[in-house]
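First comes the structure, then the notes that go with it.
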2 protein chains.
Amino acid sequence: MKAYHHGDLRRALLDAAVDALGEAGPAALSLRDLARRAGVSHAAPAHHFGDKAGLLTAVAIDGYRALALALAEARVRTGSYREMGVAYVGFAVGHRAHFEVMFRPDLHRPDDPELRLAATKAGNALAAGARDLPDGPGPAAGLAGWSTAHGFATLWLSGALPRSLGPDPIAAARTVLGAPAL
Amino acid sequence: MKAYHHGDLRRALLDAAVDALGEAGPAALSLRDLARRAGVSHAAPAHHFGDKAGLLTAVAIDGYRALALALAEARVRTGSYREMGVAYVGFAVGHRAHFEVMFRPDLHRPDDPELRLAATKAGNALAAGARDLPDGPGPAAGLAGWSTAHGFATLWLSGALPRSLGPDPIAAARTVLGAPAL
DNA sequence: TGGGCATCTTGTCAATGTCAAGTTAAGGTG
DNA sequence: CACCTTAACTTGACATTGACAAGATGCCCA
């Protein structure tokens, strides 16, 4: 056994947090439960993250980095802003735990520098795709696309969308994101 | 003093909940704090709502009813689905506490019958507006509009949108919702 | 080899959600 | 008007949690 010095307790706690968030949502997350899952004492998480908000800030940072990668990948793969929106939905559904923490400022530290940087980079990845749009419309079109993808993702996750869309969020997103504007 | 029998403790607790949610978000909501605000004992809320999820379910029900009213009002006033989207954003910003609970199934009881009914009615109000759209596109257009309005509202509330949109969410929403589709 | 320091533990405290049991008053029935 | 059923609220308790303080452990480097 390793007793003291876990090896990479920080990573283990983050992984446990993602698991726990996926099982019961952010409201039910407990630092002590994460410690139990990682096999350490109840106060160990505080050493690495300070407090609960610190841990969730780290989760959000991981999330923004993964989102930026997913968006950039979709852009080089398809060259389509709409498909970047589909990828955005795919990230939200596939990394629900991260996604739910990222856009909830009351759960983390919104002004953490590292968080701000990661969020900005993800925003830049999106904005780069928006510039590929068939030119003409102003910068509002990029925000409209972001809003649509983000709204579809959160509505899907909250279970508010009608079942007629079918079970596959990616296919449903491709349908809805292709619909004409308001 | 009224000692026992508050008069309308249920309503007082719901009002206190909306205040508290507006001040610190759902994560910091405490039933005991609500009881203190209403001047009753710490276990009084449980009698009216069962538990925390029950109270938040009641908040969500109030929210869906108010949203349905706001959407119907916007429809008769403007006849425009786009302006219903603007009203949707206005509701989210003006009733942030309700809005944040409504779309968070882990905070309330998603299968509560009264909740389902209220949510369905609000959905019908939106769907009615979608039928006014310049025909041609399928039913996906209604969902796209909903997604855009919902996404803009949640992004605005989370502070993720760029400051270049200005301080007025209604004006910003009118700009973004009018942008062309993806 | 030995000291410094990050890492983790143990112990504790106030606060919270929830349950059980008791207390008070309001409203209907005789 | 007396009675009593029942809803509304209180009191008390318990396990759990986040956070803090102080101590224990072992790795790394001088």
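Residue numbers start from 1 in every chain, and the chains themselves are labelled A, B, ... in the order their sequence lines are given, proteins ahead of strands.
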Shortest non-hydrogen contact between B:Pro26 and A:Asp106, atoms and distance: CD-OD2, 3.5 Å
Sugar-phosphate only, base, or nothing, as touched by B:Leu29 at under 4.0 Å among non-hydrogen atoms: sugar-phosphate
Ion pair B:Arg109/B:Asp51, N-O distance below 4.0 Å: yes
Phosphate OP1/OP2 of D:dG18: any A:Ser30 side-chain N/O under 4.0 Å: yes
Those residues of residues 15-28 of chain A lying under 4.0 Å from DNA chain C by at least one heavy atom: none
Euclidean distance, atom CG of residue B:Leu13 to atom C1' of D:dC9 [Å, nearest integer]: 11 Å
Ring centres under 6.0 angstrom apart (A:His150, A:Phe103): yes
Distances for protein N or O near nucleotides 10-13 of chain C N or O, under 3.5 Å:
| residue | atom | partner | partner atom | Å |
| --- | --- | --- | --- | --- |
| C:dG11 | O6 | A:His42 | NE2 | 2.8 |

Among B:Leu31, B:Leu55, B:Val59, B:Thr57, the one residue meeting side-chain contact (heavy atoms from CB on, under 4.5 Å) with B:Phe49: B:Leu55
Interatomic distance, A:Arg11 CZ vs C:dT7 P [rounded to whole Å]: 15 Å
Value in whole Å for how far the C1' atom of C:dC19 lies from CG of B:Asp51: 12 Å
Interatomic distance where CG belongs to B:Leu9 and C1' belongs to D:dA7 [whole Å]: 13 Å
Rounded distance in Å - NZ (A:Lys52) to P (C:dA15): 17 Å
Interatomic distance where CG belongs to B:Asp8 and C1' belongs to C:dA26 [whole Å]: 16 Å
Ionic contact status for A:Asp33 with A:Arg37, cut-off 4.0 Å: yes
Spacing of B:Phe49 atom CZ relative to C:dT18 atom C1', expressed in whole Å: 16 Å
Shortest side-chain distance from B:His47, nucleotide among D:dC9, C:dT7, D:dG18: D:dC9
For atom CG of A:Asp33 and atom P of D:dT17, their distance in whole Å: 7 Å
Position toward the 5' end of DNA chain C (nearest nucleotide), B:Arg36 or A:His48: A:His48
Pair A:Arg10 + A:Asp15, salt bridge at N-O below 4.0 Å: no
Closest non-hydrogen atom pair, B:Ala60 against B:Val101: CB-CG1, 4.1 Å
Sugar-phosphate, base or nothing in reach of A:Leu34, heavy atoms under 4.0 Å: nothing
Ring centroid separation A:His95 to A:Phe99 under 6.0 Å: no
Short N-O contact, B:Glu83 and B:Arg75, less than 4.0 angstrom: no
